[in-house]
Amino acid sequence: MKKILLMGNPNVGKSAIFSRLTGARVVISNYPGTTVEFMQGHIRLRGEEALVIDVPGTYTIKPTNKAEEVAVQMLGRDGDIVINVVDATNLERNLYLTLQLIESGIPMVIALNMWDDTKHCGIEINLEKLKAILDVPVIPTCGLSGEGIKELVESLSKAKPREKKISSAEKRWQEIGKIIGEIQKLHHRHHTFLDSLQDLSIKPSTGIPIAIAVLFLSFQIIRFIGEGLISYLFEPLFKNLWAPLMLKLSSILDPGTFLHQILIGKLIENQIDFGQSFGLLTTGLFVPLAMVLPYIFSFYIVLGLLEDAGYLPRLAVLVDNIMHHLGLHGYAIIPMMLGLGCNVPGALATRLLEGRREKFIAATLMAIAIPCMAQTAMIIGLVGERGGGYVAIIFSTLFLVLVLKGLLLNKLLKGRSPEILIEIPPYRSPQFKAVIKKLWMRIRGFLTVAVSYVLLGILFINILYTLKIIEFSARFFSPILTGIWGLPREAISALIVGFLRKDVAVGMLGPLNLTTKQLIIGSTVLAIYFPCIATFIVLIRELGIKDMVKSALLMILTAIIVGGLMNLIL
Amino acid sequence: MAEIQGGYSIQRRMYAIGIRPGKKIMKVSSQLWRGPVTVKVDNFQVAIGFGMASRIIVELL
């Protein structure tokens, strides 16, 4: 099968074109480094199936971080044709990679993307001349609207290798200078509203207040939508429609049988209690759908808007200074923000960071102190019932742990954090369709993966109970559980399930009749002590076994200390 | 812009991202306490750590 590589500078719209070409669902955002791993999809080329590969963005074929490394490996290993995606509004810089790709001898076509933007940027490009000089097909495209995609596919058959000597960086820039002089004209343009907003949001005097406002507003919107969906849609649905159905099923199955225990769980005062029954069809559906999903939904709406507008890199610049004290630089805010949704993409995004040290610090801090949205939703649901202030205690503790741990790791680990060097994309107004598409993709991911894990977790815990394994480990771990954290030893079941799913784990604290203090300690410890299995696997791959073992030891140690301190202080 | 002082690897990264001698470069903002400096070159903006930014030697226009 023919392999077609999509290559280009970061944030030029490769993923948008990829998704147009193949119909595959991929995350498209407005910041450099959205794609850190290659993605594959299929197209038909004149009756023949071909593989299209979306490659992480890179400025040159000499990589400076892991994501770029992936790109360069792809080129060396298995490309038949390259579609070089070029940002038409930044032709000069983009052409450097283009020349390098031409020199590599691989057949190539150029997608001159963001073509629609050139007009209001005051840029005029002589297409015919560009084609003639480079001697490769050049197709103007617009990935977001799909313009030019058909022509791009047709041009693939015209891609042929060009003989060109490998030249030096200096010569390449000279050549580019000449090309640009011949084909590009710049016209004066006025400062637009978005330009001014761009400047305002990155100058510290206005940028910091804007950042605080943006984050506060995001938080309020997430809460408003999440809470609204729960109390006006999902809870009524479950209480009024689903509960009576389950009661009927319960009477058919006869309480006390194994099947009843698995499907319905315990009846509380002859009623279904979705928080405490812990059957597959009761708590197993209620937790992911009625407690977590609404917050996943609201979080990813807001994150999607921030991503597509291009705000995140600006936030990265504003917090760069603070992050240096934690042994990172500003761009580490990207894995952290993604981690707030789900730690798995967060862990993958540590590839944006340059060295082993930063990756280790970022991954460890995220796994310890950034609860995913599923866990957060459960904490809000469960602890929030006892008072909003208690939720605040948990998150302030986690934040404090993040800062202290960062300071500590920065001191202890040899080396220092590298400096930030990142492109700040222009603001774009998020497009409704694109935001909804991305939201749906993420929700689908949650529904297919998370719900099955939740069900698996509940099944698993019921089996462990039946086999008395819980009882055994409860006794074994009670010195830590009861001695240090002040929790009942039955809480071990939550810690065990926490390896599988953190949201179910928090949910399992519900039926234990904990005091508020115990609930707070339990939730905090569950956030810190270990990542869920999905994150764990990704982290092993990203950090290597050795660093992951170190990181995991740090997590367990931190959980013991922080839980112990909270037990003493609260 | 006149030159970029510093080692090969810094030069290489700066060149690759499009910051190189002979280009017009404009400072957009700088952060407090020697934070990153944002510059505009051609049609794009780049945030550069303070240390690296101080290696960029410019001629005023």
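Note that this is a predicted model, so its numbers are computed, not measured.
For the atom pair CG of A:N9 and CZ of B:F44, the computed distance is 9.0 Å after rounding to the nearest 0.5 Å. Considering CG of B:D42 and SG of A:C121, their distance stands at 12.0 Å, rounded to 0.5 Å. With rounding to the nearest 0.5 Å, the separation of CG in B:N43 from CE in A:M114 is 11.0 Å.
Within the 4.5 Å cutoff, side-chain heavy atoms of A:D199 are placed close to those of B:Q45. Side-chain contact between B:I17 and A:L421: present, with at least one pair of heavy atoms (C-beta onward) separated by less than 4.5 Å.
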>> Would B:I48 and A:E419 count as a side-chain contact (heavy atoms from CB on, under 4.5 Å) here? Give the steps.
In response: CA-CA 7 Å; B:I48 309 171; A:E419 290 187 85; over 6 Å; no

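Residues B:G18 and A:R93 approach most closely at CA-CG, 3.5 Å, considering heavy atoms.
Contact tally against chain B (heavy-atom pairs below 4.5 Å) for A:Y59, A:Y96, A:W173: the top residue is A:W173. Taking A:N90, A:L91, A:T89, A:D87 one by one and counting their heavy-atom pairs under 4.5 Å with chain B, the maximum is reached by A:N90.
Side-chain atoms of A:N321 come within 3.5 Å of backbone N or O of B:W33 as a donor-acceptor pair.
Only one option out of A:L318, A:I420, A:I202 pairs with B:P36 in a side-chain contact (heavy atoms from CB on, under 4.5 Å); it is A:I420.
Using a cut-off of 4.0 Å between Lys/Arg side-chain N and Asp/Glu carboxylate O, B:R20 and A:E92 are scored as salt-bridged.
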